[in-house]
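Notes follow once the structure below has been shown.
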Amino acid sequence: MGGGGGRGGRSRTQRRHFRQNRENVWKRSKSDPSSDAPNDNNTNDIGNGGNRAWEPFATQNPTFDEYYKEQGIVAPEEWDSFMGVLRSPLPAAFRINSSSQFYKDIRYQLENDFMKSLQAEDGIQVSEGSETGAIRPLPWYPENLAWHSIFSRMQLRKNQNLERFHEFLKLENEIGNITRQEAVSMVPPLFLDVSADHFVLDMCAAPGSKTFQLLEIIYHSSKPGSLPNGLVVANDLDVQRCNLLIHQTKRMCTANLIVTNYEAQHFPGCCSNRNRSNASGKLMEDSTISQLLFDRVLCDVPCSGDGTLRKAPDIWRKWNAGMGNGVHSLQVQIAMRGLKLLKVGGRMVYSTCSMNPVENEAVVSEILRKCGESVELVDVSNELPQLVRRPGLKKWKVRDKGVLLASYKDVSKYRRNVIVPSMFPSGRSYMEANENNIHVMEPEEKGENNGNGNGEEALHSTANSSTPADELEEEVSNFQLERCMRIMPHDQNTGAFFIAVFHKHSPLPAAQEKPHFQKEKLCSRNNEPVADVPTQVIEDSNGFEASLNDGTDGKIPEAASEVDLLDDEPDETVLGQDLPVASEEHNLELAKAPREKEADLNKGGGKRKLQIQGKWKGVDPVLFFEDEAIISSIRTFYGIDESFPLNGHLVARNLDNNHVKRIYYVSKSVKDVLELNFSVGQQLKIASIGLKMFERQTSREGSSARCSFRISSEGLPVILPYITKQILLASPVDFKHLLQYKSIKYADFVDTEFSQKASDLQQGCCVVVMREDGQAASDPIQVDEPTIAIGCWRGKASLTVMVTAIDCQEMLERLSARAEIEKGSSVKDDHSPSKLEADEEKDKNDAEKKEDKDSIEMVN
């Protein structure tokens, strides 16, 4: 979609910021230097000498065992079972896209074909203790739309007996009919309780499986054939991960999605002075939204990721407690930002793929401390009753430099810049008791959590720091942390996950404790230092803090937490000041500076032409497409009904209308957010928006057509009910021939009436709809949920499909499977042929009368 930035170093300057201090713990480098780095896991560095040959990852780590046994995450008698499952490969899981036209057919095929065939297949070994059945629906997921197999992804790829099933998964995943996703990753969106009119924020969205799931829920709960009133804003910090997010979600074909590129803890709220709400808090009539707040927020934060050990075994080698300690403060900041962006009465889900209480219960406790009675930790034990979950911990310890600490008072004064009070159950800093012993760290004394030059000296500088763990006075949290959910691998043969559900009762307290982090110099868009801007905090009726300098890009290191970033399934791991209403002239002014730079570059004899950009460097501008001539030609050519709004709903990513290649369609909700974004000076850095609806036809034949824009395959389902021209009704046989041969001459169609109507169309794009059971070719075209249609090009002598080869293949297989289903049910009922089969048989008989049936000329 339109989220790509320019090429070359100058247009990607922001990547320098994104990659600071971010370790990728997923890939082992060729030289594997990390194995020599000092950490809590030096005992696992055996065998890293001169022999660098590949070896299977060791699935053990003594430090891991010691840490989690002390935390008591499972009972002692369960430990062996827990570790046995954790060391085994993760079974593959996937979810059926409920918004897909063929989702019922896919579910039927799984229930009646693969469940039986895989169980009876020779050569498939079922591991001891595994569930009954080679594949089965997840019992806690609604409508049997999520499935779980006993096979790992490696087995699916390597076992020849599973080839048909594996090819099925690959094809349907690429089309978008299913999404391959870890089972526990599907859980957080279900607890959000999303409906069709909700505004949903996914704060750390990449790679996009949960975003896809949220969109499915919104569409599934909306009226068929209409766009939902809600939307999903999917955000991620990294540009490359944003591109992955766009690639995954474009399979959804939705006009209700915005993809943004921001640090989650600095996500803007876009508060505008215009169209203020009335005394009751509701917007006045004839007004759009004046502030970007959300009904639901998914806060799936970066974490150490040790819950993913089954699919990422390299974490065994690298794991240490410092990984969790290093991201704790960032997790608190992201969660607090999510709550500030949440509407009063809204729900937020906080989740991690980690088992570490410092990243889980400690973060939840700190949120509750900061928010007071404004936020409640919700008891959801009655929701999804078939999902096995365990209560959250009430007490835990923090490990630092090989020592387990039960309280903040046990922390060495040299480590208090790393180990903070919020990591402990009580959250107390013991400032009064240790007032005379407090030492303020100088900048040169500060070190990373995983080690520094005087770490050992710091460890023994106080008596308390070396106290044995069993002699420490344990703290117990006074919050209802048992309402949190821990999903353990050995309960339902999954990965590990942590989930907490929050409900916002009232605006957050105006005075919030500011996070402690090292300040960085703020830079302008030209990378020049700017003066410090004083922070001014304003609390509005929704508990939202508008900060005048939040729009800056001060960076907070995200320590070694990107374990959930590069899974190829994929399944996982600022507010500016109010500005006056922006007009079209204002939008043009935003593009003026880049154009002037381009002119200067050309005058100076630059080597390449600088890309015309919007406010954000490296990101294409987002503009409403308002060329009335083009819009009118599109509406007239396709006979688009006036009830389908085009004006104000079309978006382009190019300032020059003459060179616009793609036009995107946005829903009413996305349109309102985009207008708000313009009114506040484009605070949202939008990487992708809307649904690709029209594409410019650049071929020689296309340039001579009356309308130079064709309907894209992604946008066809949305606009199809409103098309009255350039649309045809084809018999099942002719429709399948088009899918099979891609291009057919008019004289070679089986149905002569269809052939004549096709040749009578105007040259250009057209839509071919497959005739339903018992429907005549001359009947009026009625579009409903089961209607199947494709885009084609009406050429001078032939009709050519404008659908990708893989889409044609998948649709052919779906139609064949549907025919088999109807045939089987018909034989079972009365041994009579189905209506679809009877129509096809009639068409075949007619085709036999044609002298040249076997000489159909296929034009590729």
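Reckoned from all heavy atoms, side chains included, excluding hydrogens, waters and symmetry mates.
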If I take atom [atom1] from residue [X] and atom [atom2] from residue [Y], how far apart are they, to the nearest 0.5 angstrom?
| X | Y | atom1 | atom2 | value |
| --- | --- | --- | --- | --- |
| H649 | M693 | NE2 | CE | 11.0 Å |
| T211 | L201 | OG1 | CG | 9.5 Å |
| L684 | F678 | CG | CZ | 10.5 Å |
| K340 | K504 | NZ | NZ | 9.5 Å |
| M485 | S351 | CE | OG | 9.5 Å |
| N356 | H328 | CG | NE2 | 10.5 Å |

Residue pair [X] / [Y], side-chain heavy-atom distance below 4.5 Å:
| X | Y | result |
| --- | --- | --- |
| V184 | C353 | no |
| R251 | N173 | yes |
| N360 | W396 | no |
| C253 | P717 | no |
| L169 | I178 | yes |
| Q248 | L244 | yes |
| L387 | Q492 | yes |
| L110 | I96 | yes |

Has [X] got a side-chain atom pairing as donor or acceptor with [Y]'s backbone, closer than 3.5 angstrom?
| X | Y | value |
| --- | --- | --- |
| R337 | F267 | yes |
| Q331 | V301 | no |
| N256 | G230 | yes |
| K394 | F479 | yes |
| R107 | E143 | yes |
| H503 | V378 | no |
| R296 | P189 | no |
| E361 | G392 | no |
| D202 | N235 | no |
| S149 | A92 | yes |

Angle between ring planes, Y103 versus H220, binned at 30° and 60°: parallel, tilted or perpendicular?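 If you compare the ring of Y103 with that of H220, the planes turn out perpendicular.
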Mind running side chain to side chain contact (heavy atoms under 4.5 Å, CB included) on T179 and N97 for me, showing each step along the way? CA-CA 7 Å; T179 298; N97 179 4; 5.5 Å; no
Where do [X] and [Y] come nearest, in terms of heavy atoms and distance?
| X | Y | answer |
| --- | --- | --- |
| L214 | V232 | CB-CG2, 4.2 Å |
| N261 | V239 | OD1-CG2, 3.5 Å |
| T494 | I487 | OG1-CG2, 3.9 Å |
| E366 | S422 | OE1-CB, 3.2 Å |
| L227 | Y665 | CD1-CE2, 3.8 Å |
| L341 | L292 | CD2-O, 4.1 Å |

Who are the side-chain contact (heavy atoms from CB on, under 4.5 Å) partners of [X], not counting sequence neighbours?
| X | answer |
| --- | --- |
| S195 | D197, H198 |
| C484 | V364, L377, L481, F498, A500 |
| A496 | M355, P489 |
| E383 | F191, R347, V380 |

Begin from the C-alpha positions of E376 and H505 and carry the test side chain to side chain donor-acceptor pair (under 3.5 Å) through to its verdict. CA-CA 7 Å; E376 176 193 5; H505 289 289; 2.7 Å; yes
Please assess R310 against S152 for the test side chain to side chain donor-acceptor pair (under 3.5 Å), listing each intermediate value before the final yes or no. CA-CA 10 Å; R310 299 184 69 182; S152 68; over 6 Å; no
With side chain to side chain contact (heavy atoms under 4.5 Å, CB included) as the criterion, how do L368 and F502 come out once you've worked through the C-alpha distance, each side chain's angles and the decisive distance to 0.1 Å? CA-CA 9 Å; L368 296 174; F502 296 94; 4.0 Å; yes
Could you go step by step and tell me if Y141 and R95 meet the side chain to side chain contact (heavy atoms under 4.5 Å, CB included) rule? CA-CA 9 Å; Y141 202 95; R95 190 185 69 255; 3.0 Å; yes
Can you list the residues that meet the side-chain hydrogen bond (donor to acceptor under 3.5 Å, both in side chains) rule with H490, with sequence neighbours excluded? E78, R390
Which residues satisfy the ring-ring contact (aromatic ring centres under 6.0 Å, His included) test with Y219, sequence neighbours excluded? none
Would you sort out whether E263 and L237 count as a side chain to side chain contact (heavy atoms under 4.5 Å, CB included), showing the intermediate values? CA-CA 5 Å; E263 288 181 320; L237 165 67; 3.3 Å; yes
Do S354 and E359 get their side chains close enough for a donor-acceptor pair, meaning under 3.5 Å? yes
